Every structure is written in structure tokens, then in C-alpha cells.
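Each residue takes its place number in the sequence, starting with 1. Everything numeric in this text was worked out from a predicted model, so none of it was measured.
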Amino acid sequence: MTNKNVRVRFAPSPTGPLHIGGVRTALFNWLFAKKYNGTFILRIEDTDSTRFVPGAEEYISESLKWLGLTPDEGVNEGGKYGPYRQSERKSIYHKYALKLIESGNAYYAFDTSGELDKIREEYEAEKKSFSYNSNIRESLNNSLSLSKEETLEKLNSGTPYVIRFKMPLNQDVKANDMIRGDISFNSSTLDDKVLYKSSDQLPTYHLANVVDDHLMKISHVIRGEEWLPSLPLHILLHRALGWEDDLPEFAHLPLILKPGGKGKLSKRDGDKHGFPVFPIEYHSPTGDIAAGYREEGYFPEAVNNLLALLGWNPGTTQEIFSLKELVKEFSFDKVNKAGAKFDPEKAAWFNHQYLINKSDKELASLFMPILQKKGVKAAEEKVADIINMVKERVNFVHELWEQTSFFFKAPESYDPKIVKKRWKGEVPQFMEELAESYSKAPEWRKESLKELTSQTIKEKGLNFGNVMNALRLSLVGGAYGPDLFTIAEMLGREESVERVRAAVKKLN
């Protein structure tokens, strides 16, 4: 339970498609906000202009909309703490960078990339790794090593610079993570991160993130495990800016791992195993297309459900949760520290559960556009009846065609394995006689058809299994489908007789 006025943010960078790890972060933020009647904010962190991708921000918004994770405040929704796009907050950050300079918590660094590259090469030659930190900073080209006059001269002459945070010496930075408990970092192991760049007059992620979290009154920062190394810097920035009393609580979510369990799930894993790693299909500016859960036929509620259980454990055997149920049950003391393996088969299982629990009428309305593309005209009520017979066999709506196509179109070919195994001996001749019997049957109901067929087989002394499989082959084209006589009843007398005769003609 929290006594704070809960305000959380999902803060992606518009650098490409939204990975499902990011979607899960958004979901956990949304669930936490709803549980405590709080506010869920979408903030776009676009300060890195070199990595900005046109259309990525719109993609993020559309993804959240599809999943039903609607922001309460954000780039489209507005709110009193806006703007919610960092590039539109450009004028805000510089004064905080200067405040850090004035308090001695940051400094100007004039090192060129060429100078730093040369130092790195020297370190590498000695098999050492270079870090711009407290051990070396006073020997580099910055306001700590230069006189006030030299520093002022460089600033006045327009020499490019960055502002770096001055990491304190040998200080333990402690925090209590809502998932990981008490954690501690020593400042001596950390480098002096760049906070602001004169080249584009924009802050880096670290400064913008901390300033925005404070100004937007963020109460809890819920983000991925990969941001854990940045935590001490963010805590120290809050302290240096005099905001320690308003420090948000932190929760660092476990990674979503590859199906094999080793390493973070990537697009390459999805391509390799044939599953999406993005919520909706992504079209890059260069024309590349990446698969999305929406276009692959997943229901948004199934995606939310499967992502919720990647890292969060309800402590019961229940696996199917509506968003309302997730809000009620969600808590960070049930989130695991260890990474969660992504299981593509389990993802499809979740979709199957949601599919079979939908009404036949709803599934029929979703299936109708697929039928229209196939050139099929059928009454929606009939389609619903057909779906009722086969929906247990599929995970996705688009798979219904494979299971039901024979209801709408006569088979154009026949499974050669079934032909070889069943269409032999006296069966072909008998099928011709069976078609004649069907054409004269007094009534066309599945019960009477079954009785008529059984009686005819018995009289001829034939193998029941062979005939039944041959009949299914004639009507369906293979050895699949629901109850055979239900199929015949739904196809109707004329169509069924015609299909049996067509099979006899083609296969004999």
C-alpha cells in the first residue's frame, strides 16, 4: 500500500518500434496507477535528435491505444504538467544544468572527441579501460583543471562544451527498490556522466529525466532493469538539485529473456522462432516491415495477460486475468527479480483461451472479412454455427479458414495419404452407391444420415473406418474436421451428394 498521490510515467524514446519489454513497462505503470487511483503519464523522451525516427512517436501512441493502456496525461491528452515531449521542454533544462555548476556539483568539459579518442587509445594500449571519472577529470580539458579566466574565455568564444556531473568521491549511495529491496552503490565506481551539450543545447537523458520527474511530480519510477546502473546518478542529481525530500520510489523490472533463457529477447529471436516482439506491425522509414502481435491475430487482452505474467506471479494457479483483475491483484512484492523467459507457445495458448471464451457471434464478425477476401458469401449466423464446432482447434481467428474452408468451398484436391490408405478395395464402388442412397434419403438430418450410412455399410460387410474416412475425404478433402454427419447436414443434400460423386469421378 502507498500513501503517496501516485503519478507514474512511461517515457519511451521515439527511436523505432516499441519492444514488448517496453510494453510490459507501460503495462506495469498503468496497473500500478489504476490500483491506487493514480495518474498514468506518457512522456516522449526525444532529446537524442541523432536517433529520432519519424513516425515512432505515433507508433507508440497507437500501440498503447490498441492495448487499452490509455494515458491520463501525455502528448495527445495534454495535462497541467506539459509539454510532455522533451524537445518542447528545451528551455527548461539549461537553468538546472547551470544550478549544478553553481553549486559545484557539475563542471564544464571542453574535451574534443579527438582528444578523448586519443586518451582511450593510450589506455587500450596498456590494456586498461578509460572512464571520465574522479581519478582523471582534473587532468583533462575542463573547468576543474582550467582557471576561472580560461573557462570564461572558452565559454565567451563559443568553444563547444558539455556539462558533466561531478561524481562525489567514495560515497555510498543507498536506495530501496520496490522489487530488489535495499541496494547500494559506491560513487568511486561511477563516471562523470554528460548532462548537457552545447552543440544542440539539449540535455542528455539523465538530466532531462530527473528534471521532468520532479516537475511532473512523479511519485514512482517503474522502468526496466537496464536502468539500474543509472539509479545512483539519478539519486545524486535529486540531492544536488535540493529535491531529495521529493525523491520518487523506484522499481526496476526484470528482463524478458530469449526462449532459451540466455540473454535479452530481441527482434532476431522473434525472426528466428517466428513470433513478433512488437505490439503492432512496424513500417520503418527505409521500408522494412516488422511483425506485430495485432496483425498476427493476437487479441490485446491476451497480450496484456501474457506480459503481466512475465515477471509477475499472482501467487496462485490462476493464469487468465482481465485488466480489471490484474489491477486488483497487482503488487510489486509479487514481481520477481530474475528475468522471465518468453515462451511463444504459451503466448499462443493465451490467445486460444481468449478466443474460445468469445461468443460465436463475435468471432463470426471477426472472421467475415477473411471470408470476403476468399470470395465467400455466407450468412453470419451460419458462420457462427460453423465456428462453434471448430474454435477449440485454433489459436487465432485467421486459422479458422483452414478448419472451415470445406464448409464454403468444395475440395479441389484430396490428401494423397488418406487416398492411398482408405480409397481402395470395394470402397470406391461403395461410395458411388452411397451417393445414390443419399440422394434418395427420406430426411437430411445428421442422426438419420448416420443410421442410413451405418446400415448400408453393415449390409455390404465393409470396414466401417475405411468408409467413414473415405466419406470424410469426399466432403472435406482430408482427415480432419468436426463430426462427419454434422458436416453433411450443414452442407445440405445436394452439395454432399455432388461432393461424393466428384470424389468418385476424380479418384476412380
Side-chain angles (χ1 to χ4, degrees), residues 47-48 93-155 159-177 180 182-199 202-211 213-214 221 225-244 247-248 250 252:
T47 55
D48 189 346
Y93 306 112
H94 189 235
K95 69 176 181 180
Y96 293 104
L98 291 181
K99 187 178 178 181
L100 290 166
I101 292 270
E102 288 160 12
S103 65
N105 288 293
Y107 57 93
Y108 294 106
F110 303 100
D111 318 88
T112 65
S113 56
E115 288 170 348
L116 292 177
D117 286 343
K118 188 178 178 183
I119 296 169
R120 281 192 192 92
E121 286 171 13
E122 290 170 2
Y123 269 66
E124 284 171 13
E126 295 179 24
K127 296 187 177 178
K128 296 178 185 176
S129 60
F130 170 70
S131 179
Y132 204 123
N133 59 22
S134 57
N135 295 325
I136 195 174
R137 62 191 175 204
E138 292 189 18
S139 64
L140 297 174
N141 188 9
N142 56 52
S143 58
L144 298 176
S145 61
L146 299 170
S147 67
K148 284 184 180 179
E149 292 75 22
E150 287 172 317
T151 298
L152 199 59
E153 186 185 330
K154 283 183 179 291
L155 292 173
T159 303
Y161 66 86
V162 298
I163 294 176
R164 287 183 179 271
F165 185 70
K166 188 181 178 186
M167 192 59 68
L169 294 169
N170 197 28
Q171 190 177 116
D172 287 328
V173 184
K174 296 179 180 179
N176 182 272
D177 188 278
R180 296 157 199 284
D182 292 331
I183 45 180
S184 179
F185 305 83
N186 189 276
S187 62
S188 297
T189 64
L190 307 169
D191 59 341
D192 292 357
K193 293 289 186 191
V194 173
L195 303 178
Y196 190 87
K197 300 163 289 173
S198 67
S199 57
L202 280 173
T204 61
Y205 165 81
H206 300 292
L207 180 63
N209 172 278
V210 167
V211 169
D213 283 350
H214 177 75
V221 171
E225 181 183 303
E226 61 270 27
W227 293 111
L228 200 54
S230 302
L231 180 60
L233 172 61
H234 296 171
I235 291 172
L236 289 169
L237 277 169
H238 275 90
R239 284 183 193 168
L241 289 164
W243 300 336
E244 190 168 11
L247 185 72
F250 291 90
H252 290 85

Intermediate values then yes/no, side chain to side chain contact (heavy atoms under 4.5 Å, CB included), Tyr108 and Ile101:
CA-CA 8 Å; Tyr108 294 106; Ile101 292 270; 3.9 Å; yes
After noting the C-alpha distance and the side-chain angles of His234 and Val221, does the key distance pass the side chain to side chain contact (heavy atoms under 4.5 Å, CB included) rule?
CA-CA 11 Å; His234 296 171; Val221 171; over 6 Å; no
Test log, rule side chain to side chain contact (heavy atoms under 4.5 Å, CB included), inputs Tyr132 and Val194:
CA-CA 10 Å; Tyr132 204 123; Val194 173; over 6 Å; no
Trp243 and Val210: side chain to side chain contact (heavy atoms under 4.5 Å, CB included), yes or no, with the steps?
CA-CA 10 Å; Trp243 300 336; Val210 167; 4.1 Å; yes
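Remark: the backbone N or O of Leu202 is not paired with any side-chain donor or acceptor of Thr47 at under 3.5 angstrom. Using a distance-only test at 3.5 Å, with no hydrogens or angles considered, no donor-acceptor pair links the side chain of Asp117 to the main chain of Arg120. Between the side chain of Asp177 and the main chain of His252, a donor-acceptor pair closer than 3.5 Å is present. Side-chain atoms of Ser143 do not come within 3.5 Å of backbone N or O of Tyr107 as any donor-acceptor pair. Without hydrogens or angle criteria, Asp111 side chain to Asn141 main chain gives a donor-acceptor distance under 3.5 Å.
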Contacts table for residues 162-174: side-chain donor-acceptor under 3.5 angstrom, sequence neighbours left out:
unit_1: Arg164; atom_1: NH1; unit_2: Asp192; atom_2: O; d: 2.7
unit_1: Asn170; atom_1: OD1; unit_2: Asn186; atom_2: ND2; d: 3.0
unit_1: Gln171; atom_1: OE1; unit_2: Arg239; atom_2: NH1; d: 3.4
unit_1: Asp172; atom_1: OD1; unit_2: Asn186; atom_2: ND2; d: 3.0

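Looking at Leu146 and Lys154, their side chains come closer than 4.5 Å, going by heavy atoms from C-beta outward. Taking the side chain as every heavy atom from C-beta outward, Thr151 and Phe110 approach each other to under 4.5 Å. Side-chain contact between Pro232 and Leu190: present, with at least one pair of heavy atoms (C-beta onward) separated by less than 4.5 Å. Looking only at side-chain heavy atoms (C-beta outward), Leu195 and Tyr96 stay at 4.5 Å or farther from each other.
Minimum interatomic distance between Ser147 and Glu150 (heavy atoms only, all atoms of both residues): N-OE1, 2.8 Å. Here the closest heavy-atom approach between residue Asn133 and residue Asp191 is recorded as CB-CA, 4.0 Å. Across Pro203 and Tyr93, no two heavy atoms sit closer than the pair CG-CD1, 3.3 Å.
Here the straight-line distance linking atom NE2 of His238 with atom CG of Leu236 works out to 11.0 Å at 0.5 Å rounding. Going from atom CG of Leu140 over to atom CG of Leu116 covers 7.0 Å, rounded to the nearest 0.5 Å. Here the OG atom belonging to Ser134 is positioned 11.0 Å from the CG atom belonging to Leu144, to the nearest 0.5 angstrom. Remark: Lys193 NZ to Leu237 CG distance equals 12.0 Å, nearest 0.5 Å. Rounded to the nearest 0.5 Å, atoms OH (Tyr161) and CG (Asn142) are 14.5 Å apart. Residue Leu207 holds its CG atom at 11.0 Å from NZ of Lys197, rounded to the nearest 0.5 Å.
More than 12 heavy atoms of other residues, nucleotides or ligands shown are found within 6.0 angstrom of CD on Glu115.
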